[in-house]
Amino acid sequence: PLFPTFPTTDWFPAAPTSAQAVYDRLVGLLQPGPIPAAVSSGWLASLWPAAFTWDAASQTKARELAFLILCSPAGQLY
């Protein structure tokens with residue numbers, strides 16, 4: 001599902017170990033056009049400014065990141 005009830009099991013069968021791993025998995029699932037590295041790194045720094053842990057807060061942030069990817073101009077190319 002695109003917006004699952006349980007992102008831990010639907011989007012991430014194995015818990016990601018970093019914010020970059022969350023981004024990489026979502027890009028693999030959503031398949032947007034190229035997103036500049038400066039944009040994606042800015043998103044990750046804003047969503048996870050401190051040490052990364054895969055908890056309920058990070059799962060919510062993963063949904064927010066998916067929204068950002070889908071709403072970016074690159075996400076709308078295809």
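Predicted, not measured: the structure shown is a model, and the values here were computed from it.
Using a 4.5 Å cut-off on side-chain heavy atoms (C-beta onward), Pro32 and Val27 make contact. Annotation: side chain of Leu44 is in contact with side chain of Leu65 (closest heavy-atom distance under 4.5 Å).
Distance check: Cys71 SG to Phe67 CZ gives 3.5 Å after rounding to the nearest 0.5 Å. A distance of 5.5 Å separates CD1 of Ile69 from CG of Leu30, quoted to the nearest 0.5 Å. Note that NZ of Lys61 is 7.5 Å distant from CG of Asp55, once rounded to the nearest 0.5 Å. Taken to the nearest 0.5 Å, the CD1 atom of Ile35 stands 4.0 Å off from the CH2 atom of Trp43.
A side-chain N or O of Gln20 and one of Asp24 form a donor-acceptor pair less than 3.5 Å apart.
Residues Pro49 and Ser46 share a closest heavy-atom pair of CD-O, 3.7 Å. Closest heavy-atom contact between Ala62 and Leu26: O-CD1, 3.4 Å.
Annotation: ring-ring contact (aromatic ring centres under 6.0 Å, His included) contacts of Trp48 (sequence neighbours excluded): Phe52.
With hydrogens and angles ignored, the 3.5 Å screen pairs a side-chain donor or acceptor of Arg25 with a backbone N or O of Trp11.
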